[in-house]
Amino acid sequence: MSAAERTRIDRYEPATIEPRWQRRWAELDLYETDLTDESRPKYYLLTMYPYTSGNLHIGHWYAKSPTDAIARFHRMNGENVFLPIGFDAFGLPAENAAIKNKIHPRQWTLSNIENMRRQLRSMGATFAWKSEVVTCDPDYYRWNQWIFLRFLEAGLAYRASSPVDWCPNDGTLAREQVEGADRHCWRCGMRVVKRELDQWYLRTTNYADELLDFSAIEWPESVRIMQTNWIGRSEGAEVAFTTEPDESRPGGDELRVFTTRPDTLYGATFMVLAPEHALVPKLTHSHRKAEVEAYVAAAGRETEIERMSTERPKTGVFTGSYAVNPVNGERIPIWIADYVLAGYGTGAIMAVPAHDERDFEFARKFGLPIRRVIAGPEVTDAEVAAPMETAFVSHGTEERMVNSGPYTGLPAKEGFASIVAMLEKQGKGKASVNYRLRDWLISRQRYWGTPIPVVYCDSDGIVPVPDDQLPVRLPEKVDYAGRGDNPLKSDAAFVNTTCPRCGGQARRETDTMDTFIDSSWYWFRYLSPSDSNAPVDRKVEARWCPVDQYTGGAEHAVMHLLYARFFTKAMADLGLVHEREPFKRLFNQGQILGADGERMSKSRGNVQDPDELVSRFGADAVRLFLMFMGPWDQGGPWSPTGIGGISRFLNRVWYAALDPHGVDAGDAESGMLPAGQDRAAGERALRTAAHRTLRIVSEEYAKMRFNTMVAHLMELSNLLQRYRGTAAAGTKAWNEAIRLMLLMLAPCAPHIAEELWSRLAEARGEAWSSIHTQAWPAVDEAAATENEREVPVQVNGKLRDRVMVPVGIGEAELERLVLARPKVVTALDGKAPLKVIHAGGKLVNIVVR
RNA sequence: GCCGGAGUGGCGGAACUGGUAGACGCAGCGGACUUAAACUCCGCGGCCCGCGAGGGCGUCAGGGUUCGAAUCCCUGCUCCGGCACCA
């Protein structure tokens, strides 16, 4: 097609058509969901709401374009789709910006939201904007407070003093918000230190076992494994040792330990207590006092990083006391060492150096005895007696017990059970389960979050703020005064209040809630965003929950996704909701990295701005390109080089739809039907291709395989291109193929599909009705079936020929045909076939010797 | 160290449940159109040998199972994600 001819019809100009349709769709409320509509099945689709950083980057588009395509696909398939959007609007960056630019966090956040709304709209996505929630809105966070008060009443929230992870920027952190071997803050990267503080906790550990049960949800295995590991359930036993009396002390104190290896109890040669263990002062012998106190003090000063490093050699000191092993009455020394953690189990262990690597290292260093009590099936008596070079940790049905009194000779697994039973009988222990999971520390020492709704009264202690006084609002005027400190603390008008119980003077809690509280129930709020009676409308929730499909990044596997499950279960137990799982299906999309393969960040200067791409190529091209890049769960480095190919594809669709008879200049063949084809054959080929594509594409939308879905649309477009300008163009079959192409394109490239749809309707003189309200087309199976098929022919597994055969051909017939092929005859080289394999009509393999 | 996942052309990637490796696209090359360029269109394209027909090799490496392996099994290497002394 020459330039002159091309101007005969309008060019494809995304910059003019896209905003026009976006406006039109919004005017028509095309994507607002009627939550009361019960005539169609519901489909609750949720994408993780963005943090209000101010700008969307290409990663947001990568996450949200396919999500929007899913929404549109399901809507076309007759479901009532709800795809809400909102903003995660509390958090430290707002405060940092406030300090730096002297702008109020609220103002910073709200203006960022304005910009992000504009950017999100430019995607042309089907978000139900009228259901939007913004978490820094008092109408939202008052329900954080309300739910917190219900948790408090139910004993699910409590205040406790313990050593906590403290980040100089973010204040205290939950356990899962501290990352890496160097123990840094997940958000700002600062190293954390330990501090002893009074803080608020939520009892996530109450739900440890239920959180391990994933039977009601379909989540990626990797996430389930991560959560399982994070919860870290260990089955074992608690064993009571008793302290020995000596010349200065009476003894008789009970020292309980947790062990996962009761089968090794005869191998315990010493005990180790965490330096913080309550019995340490009492057990310290007078002549060891100085040394022990110095060690405890040093351990207290150390940062977590030093203490937790596995590289560091073991340290510890002897207390001077001894304990008695309940199974054999043996007297073993009690040590303290910082490799034993105060916060896990009982804060004390029995050390079995022969069968635990850490205890082994410690015993070696301090010359403590190492006694083997478990041996593998091949180990001889002589070897059992020989000194050990490493700890032997395996214990299954193969391994047997040695040096274990009456248990000697038993398989380790049996010994485990027998010893636990014996301990229980004698009252010296019991089977016990421990979890790595800790309760969720939610207190944060900063301004821009939800105030924790309690006051402290000198006479009444901790008093919850009554419901009718909610929300406890953040004061508008904030004085940062240049300190990194929480400005609420120095805000007298906020802090000083009266006790709701006695009316006397009281102080408000100045800590605010972890922002993960906000995201732990936000999808419930989307269902009734302005309900002023309850956080969740149970009627609507009953119909719409759980979320059918949740999409978002894998980085939230053990934080947000675990908190959300905990909240849902706790809220269900409080009768606030019906469902015990928040998200039925989860999909983790991959992450888009910078062109350098590194995480996109302003400081690296590798951030791709989507606005710029949209103005150059159009939203449809950007969306399609992101979907085409590769599997959605894979992500990868950003490279814009391929986007031109997508533009070309959309252009070809444009001209095929509007100008079927146009022929582009090319070689002499163009504009002619393929050799041997008449118009009818061309039409048949078009119909077959269109319906086969529809069959595959429908499946790929459902399976979220967008990259191959786009590839198949391109194949169909290439075929249309071949017939464009031929006698088959503009025929009924051609128009059908175009129609199917537009319908298939509609979920992923909504603007161009709508534009062409409306132009074609106009050309036919029909009234417009949006392509996005059309039903997904049905495959014409008769058209999609071909009557000939190509069968590859192998000789000894090597491809030698291909034959076209009628579809229903019998094996004998096919075999005769194949053996007569010249290429096959040559390949056989006169040898007689030993065996002929028909792989279900898909392939023929002739085996010769 | 432990637990996951992945290694396929110059690049992104495709290949159903063991059955034609490299779909689709990018970059590249040749051609048409153009005064010219861009755009657009037609064609070529794993590597090696060959004018060609064709042949040999080829999915991280090495071994195995099978008529047949990118796909299954064993051993090793590399990369990515998670965990960080949890007794």
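Predicted, not measured: the structure shown is a model, and the values here were computed from it. Below, read A as the first sequence line, B as the second, and so on, with proteins coming before strands; counting in each chain starts at 1.
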If you look at every strand shown and take non-hydrogen atoms under 4.0 Å, does [X] touch a base, only sugar-phosphate, or nothing?
X	value
A/Lys703	nothing
A/Asn651	nothing
A/Glu555	nothing
A/Ser234	sugar-phosphate
A/Arg705	sugar-phosphate
A/Gly645	sugar-phosphate
A/Leu843	base
A/Pro631	sugar-phosphate

Using only side-chain N and O atoms of [X], determine if any of them is under 4.0 Å from OP1 or OP2 of [N].
X	N	value
A/Gln794	B/C67	no
A/Arg436	B/C3	no
A/Lys798	B/A69	no
A/Asn707	B/A23	no
A/Arg722	B/C42	no
A/Arg800	B/G55	yes
A/Ser222	B/G81	no

On RNA chain B, compare the nucleotides closest to A/Ala711 and A/Asn229; which residue's is nearer the 5' end? A/Asn229
Map A/Arg652 and A/Phe258 onto RNA chain B by nearest heavy atom, then report which one ends up closer to the 5' terminus. A/Arg652
Could you work out which one of [options] sits closest to the side chain of [X]?
X	options	result
A/Ile225	B/C3, B/C26, B/A23	B/C3
A/Gln634	B/G13, B/A14, B/G4	B/G13
A/Thr259	B/C85, B/A87, B/A21	B/A87
A/Lys823	B/C67, B/C16, B/G54	B/G54
A/Glu715	B/A87, B/A23, B/C41	B/A23
A/Glu221	B/C26, B/G5, B/G19	B/G5
A/Arg648	B/C85, B/C26, B/A87	B/C26
A/Tyr344	B/U20, B/A15, B/A87	B/A87
A/Gln721	B/C42, B/A87, B/C16	B/C42

Angle between ring planes, A/Tyr339 versus A/Phe362, binned at 30° and 60°: parallel, tilted or perpendicular? tilted
In terms of ring plane angle, is the pair A/Phe366 and A/Trp335 parallel, tilted or perpendicular, where the classes change at 30° and 60°? tilted
Atom [atom1] of [X] to atom [atom2] of [N]: distance rounded to whole Å?
X	N	atom1	atom2	answer
A/His838	B/G18	NE2	P	22 Å
A/His712	B/A14	NE2	P	12 Å
A/Ile837	B/G19	CD1	P	14 Å
A/Phe706	B/A23	CZ	P	23 Å
A/Phe649	B/A23	CZ	C1'	15 Å
A/Gln589	B/G81	CD	C1'	15 Å
A/Leu265	B/A87	CG	C1'	13 Å
A/Met709	B/G25	CE	C1'	14 Å

Spacing of CD belonging to A/Gln721 relative to CG belonging to A/Leu719, to within rounding of 0.5 Å: 10.0 Å
For the atom pair CZ (A/Phe392) and CZ (A/Phe360), what is the distance rounded to the nearest 0.5 Å? 13.0 Å
Any strand counts, and the cut-off is 3.5 Å on both contacts for Watson-Crick or G-U wobble. Which nucleotide pairs with [N]?
N	value
B/A32	B/U40
B/A84	none
B/C67	B/G19
B/U75	B/A61

Pair [X]-[Y], side-chain donor/acceptor within less than 3.5 Å:
X	Y	value
A/Asn434	A/Ser234	no
A/His838	A/Glu815	yes
A/Thr315	A/Tyr295	yes

If you measure from the [atom1] atom in [N] to the same atom in [M], how many Å do you get, rounded?
N	M	atom1	value
B/G9	B/G4	P	27 Å
B/G56	B/U17	C1'	32 Å
B/G81	B/A87	P	26 Å
B/U20	B/A15	C1'	10 Å
B/C2	B/A14	P	31 Å
B/G22	B/U75	C1'	28 Å
B/A32	B/A36	P	11 Å
B/C57	B/G68	P	15 Å

Answer yes or no: is there a donor N or O on one side and an acceptor on the other, between the side chain of A/Gln794 and the main chain of A/Leu799, under 3.5 Å? no
For B/G25, is chi within 90° of 0 (syn) or not (anti)? anti
Please give me the minimum heavy-atom distance between A/Pro833 and A/Ile846, naming the atom from each residue. CB-CG2, 3.7 Å
Taking the six-membered ring of A/Trp61, is NZ or CZ of A/Arg623 closer than 6.0 Å to its centre and within 45° of its axis? no
